[in-house]
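Take a look at the structure below.
In the text below, chain A, chain B and the rest are named by the order of the sequence lines, each starting its count at 1.
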Amino acid sequence: MRYSRMLIPTQKETPQDATLPSHMLMIRGGYIRPLAAGTFTYLPLGIRTLHKVTEIVRQEMVRSGAEELLMPALQPLSIWQETGRDEIFGPVLFRFDDRRGRSLALGTTHEEVITDIARSYLRSYRQLPLNLFQIQTKFRDEERPRGGLIRTREFIMKDAYSFDRDEAGLDASYQAMYQAYSRIFSRCGLDYVPVEADSGAIGGSVSHEFMVPSPHGEDSMVTCGSCGYAANVERCELPAMEEIPAGTAAVEEVETPGTTTIEQVSSFLKVSPDRLLKTLIYTAGEKIVLALVRGDHELNEAKLARAVGAPIEMADGPLVEKISGAAVGFAGPVGMNDRGAFMVADNAVKAMADFVTGANKNDAHLLNVNRERDFAPDVYADIRAAGEGDACPRCGGALSFVRAIEVGHVFKLGTRYSEMMNAGFLDDAGKNRPFVMGCYGIGVSRIPAAAIETHHDEKGIVWPITIAPFEVLLIPTNPTDQALMQHAEALYSGLLENGVDVLLDDRDERAGVKFNDAELIGVPVRITVGPRGIKNGVFELKLRDGSMESEIPLAEGVAAVSRIRNELVDRLSKA
RNA sequence: CGGGGCGUAGCUCAGCUUGGCUAGAGCGCCUGGUUUGGGACCAGGAGGCCGGUGGUUCGAAUCCACUCGCCCCGACCA
């Protein structure tokens with residue numbers, strides 16, 4: 001391509017509302033343009049990068065034995081009602097009525113549609129295993145789109161669904177996907193980490209996320225330096241603490257006017273936070289859930305939801321007052337067993353005795369409260385969030401906490417959807433069985449953003465060559481110099497013939513402008529053809545990442561550049 | 001949904017507090033000339049419903065009310 005013929009609207013100034021490096025650089029580099037909150041146009045450079053990513057994804061999916069198809073984004077709401085997920089997704093699901101008044105939704109993910117396909121066409125175990133994928137635009141009415149392409153309301157996702165006859169088959173399918181994902185992210189040049197994950201609204205048992213550590217990520221993950229354990233913070237199990245006997249001191253009510261936070265209670269009563277018990281009130285449908293955690297611990301809602309076995313929602317102020325009989329900040333477990341609440345205590349509570357809780361009465365707390373004697377949790381579970389200082393659940397080593405961008409997620413779904421949608425097959429004994437399913441997502445349009453977050457400098461993007469919009473940027477310093485342009489054109493057509501993806505900057509601009517745009521856009525290989533070099537029969541080649549800068553004889557140019565390009569690609573493919 | 005901020009030229013912003021001439025600057029864009037290895041220079045030029053609606057006023061970019069949109073933090077999130 002010739003630069004002069006392309007729409008590459010680079011800009012010097014950073015748009016006001018871009019904060020992340022990836023967001024800023026993609027706008028400044030002329031890759032994307034925002035239209036509304038959480039929607040973007042992919043400009044020519046942007047769609048080139050996106051195509052490079054989708055092609056890698058497609059190749060590796062096919063290599064792993066999956067088959068591509070394309071399902072509609074526009075779907076009848078009824079298919080969501082069949083699995084109850086219209087309620088689980090709630091307002092996140094875009095929904096509207098057509099002219100005949102039929103309720104429609106825009107797909108956020110496609111478990112229902114694919115399961116419908118499976119139940120229609122798959123009848124025999126002989127047709128299994130099967131893995132179907134698509135690369136498609138998804139819609140989610142997020143409460144708050146943010147971070148440029150990190151979280152948008154319309155985005156491109158690769159989703160795959162596997163169908164197996166049994167758990168062993170699912171294990172194999174899952175493994176194949178896990179490996180395909182590793183190859184995909186390596187080829188895209190991402191510094192990714194697979195972590196154990198929670199399966200959230202998708203459901204299912206085993207699940208891994210592929211994370212790209214970045215301070216701007218919206219997820220948190222933990223890693224253990226000694227044993228290699230890595231998990232989403234939501235998933236990170238915490239070892240049960242040694243149980244201690246309950247205390248025997250008598251419960252005593254004390255006045256604690258206006259102390260609604262742990263810090264206030266702690267300093268008012270001169271009791272350290274780890275002697276306090278926090279009582280948080282949630283709802284799970286009609287059910288009231290009381291979550292009990294130690295004062296200095298944080299509740300993890302994903303873990304609580306898992307312990308309860310249903311989606312949960314924090315109760316609002318009025319509801320808290322109705323349930324506890326006191327303003328927010330004074331709830332406690334004592335007496336709540338009789339009020340029909342489901343009480344979940346964190347494991348750490350077993351290691352507490354004679355602690356302080358809210359009195360379910362304004363401006364009052366109770367001292368010397370003890371479990372079993374004064375209240376009885378329905379269940380003890382690991383419901384608190386891992387935090388600094390917690391030990392690795394596998395080896396006891398030190399955990400480190402980092403922010404990360406989730407780029408992929410693989411789930412073992414099991415038979416949840418197939419049973420709910422009555423999707424099954426006949427096994428070799430002629431018996432009807434539900435499909436054992438897996439599902440596997442990649443945030444395709446997040447990949448470029450994640451790559452930039454970890455590959456940029458003050459001048460611009462530093463693309464991994466595999467997902468750069470062009471592999472080589474060829475810059476003649478002075479387009480009015482005929483002789484120089486002839487050399488540049490010769491190199492250009494030679495590279496094109498060798499299958500190198502090259503952009504010729506034929507604009508009548510000063511060299512400085514071209515260099516600055518080159519660095520902003522981030523093309524990995526830059527070739528400069530200028531009068532100085534031509535005099536000596538050479539041109540300059542410089543890698544954007546700074547790892548190489550050299551002069552190459554014009555005669556060897558095409559071969560040398562092709563070789564370097566291939567080396568850069570190979571380096572990522574082998575990882 | 002709670003808290004905060006912002007809407008003036010394609011982009012970044014000034015002007016608004018204290019209402020008043022024809023609404024400004026830099027960058028970008030167009031024309032001509034000079035320049036040509038790190039965002040050149042000179043001269044000329046195009047480009048604005050001052051987010052929208054309603055009000056106050058002789059007069060509104062400026063004050064008031066409502067509204068729409070965007071961003072950030074939080075909550076939420078596959």
Side-chain angles (χ1 to χ4, degrees), chain A residues 7 9-20 23-24 27-28 30 33-39 85 88-93 107-111 138-148 150-153 155 157 159 197-204 207-210 216-220 232 234-235 282 299 301-302 305 311-317 405-411 413 439-443 446 459-460 475-481 484-485 505 507-520 526-535 539-540 542:
Chain A
L7 177 64
T10 58
Q11 42 185 73
K12 239 179 271 189
E13 313 224 37
T14 302
Q16 180 195 16
D17 48 16
T19 49
L20 304 193
H23 190 190
M24 277 167 18
I27 289 179
R28 285 193 51 216
R33 176 181 168 82
L35 180 63
T39 61
R85 284 213 304 176
I88 293 177
F89 277 110
V92 171
L93 194 62
T108 61
T109 176
H110 282 66
E111 280 78 9
K138 307 284 190 205
F139 299 86
R140 291 182 192 178
D141 194 356
E142 298 282 0
E143 287 189 57
R144 176 148 110 80
R146 72 177 89 188
I150 302 288
R151 177 189 293 200
T152 51
R153 293 192 296 174
F155 59 98
M157 183 170 177
D159 45 324
D198 185 68
S199 45
I202 300 275
S207 156
H208 286 86
E209 284 168 334
F210 290 77
H216 298 112
E218 53 174 11
D219 266 298
S220 284
N232 190 309
E234 292 183 348
R235 185 73 207 182
Y282 282 81
L299 176 79
E301 293 188 351
I312 50 155
E313 195 174 345
M314 194 158 201
D316 57 15
I405 300 165
E406 178 192 347
V407 290
H409 203 157
V410 292
F411 302 82
L413 290 178
C439 83
Y440 318 92
I442 289 181
R446 254 185 197 184
K459 291 176 170 172
I475 299 180
T477 56
N478 183 352
T480 59
D481 182 330
L484 191 149
M485 279 310 282
D505 193 346
R507 292 176 300 168
D508 185 10
E509 288 286 355
R510 320 191 106 230
V513 171
K514 295 186 181 185
F515 290 147
N516 281 306
D517 276 338
E519 278 148 359
L520 175 58
R526 187 181 91 189
I527 291 173
T528 309
V529 180
R532 289 204 306 242
I534 295 298
K535 212 177 296 173
F539 61 84
E540 289 160 37
K542 190 174 179 183

| task | In whole angstrom, give me the gap between the P atoms of G32(B) and G37(B). | result | 23 Å
| said: Using a strict threshold of under 4.0 Å (side-chain N to carboxylate O), is an ion pair present between R85(A) and E111(A)? | reply: yes
| note | pair_partner(G47(B)), Watson-Crick or wobble, both distances < 3.5 Å, evaluates to none
| task | Searching all strands shown, indicate the nucleotide that pairs with C16(B) (Watson-Crick or G-U wobble; both distances under 3.5 Å). | result | none
| Expressed as a whole number of Å, how far does the C1' atom of A25(B) sit from that of G15(B)? | 11 Å
| note | G7(B) -> Watson-Crick or G-U wobble partner, both distances under 3.5 Å, gives C68(B)
| query | What distance, rounded to whole Å, do you find between the two P atoms, one in G44(B) and one in U22(B)? | reply | 24 Å
| note | Scanning all shown strands, the Watson-Crick or wobble mate of G28(B) with both distances under 3.5 Å is none
| Which nucleotide in the list G39(B), G37(B), G38(B) gets nearest to the side chain of D517(A)? | G39(B)
| Watson-Crick or G-U wobble partner for C1(B), using a 3.5 Å limit on both distances? | G74(B)
| message | When you measure from the side-chain N and O atoms of T19(A) to the phosphate of C72(B), is any distance below 4.0 Å, counting only OP1 and OP2? | response | yes
| Closest nucleotide among U36(B), G37(B), A75(B) to the R146(A) side chain | A75(B)
| message | Quick check: on RNA chain B, is the nucleotide nearest L35(A) upstream (toward 5') of the one nearest F515(A), or the reverse? Name the residue that is more 5'. | response | F515(A)
| request: Look at all strands and tell whether T14(A) reaches a base, only sugar-phosphate, or nothing, counting heavy atoms closer than 4.0 Å. | output: sugar-phosphate
| Below 4.0 Å: OP1/OP2 of C73(B) and any side-chain N or O of R144(A) | yes
| said: Quick check on RNA chain B: between D219(A) and A511(A), whose nearest nucleotide comes earlier from the 5' end? | reply: A511(A)
| message | Please report the distance separating the P of C1(B) from the corresponding atom of G19(B), rounded so that it comes out in whole Å. | response | 36 Å
| request: Provide the distance between the two P atoms, one in C6(B) and one in G51(B), to the nearest whole Å. | output: 14 Å
| task | State the pairing partner of G59(B); accept Watson-Crick or G-U wobble contacts with both distances under 3.5 Å, and report none otherwise. | result | none
| Rounded C1' spacing from G59(B) to G20(B) in Å | 7 Å
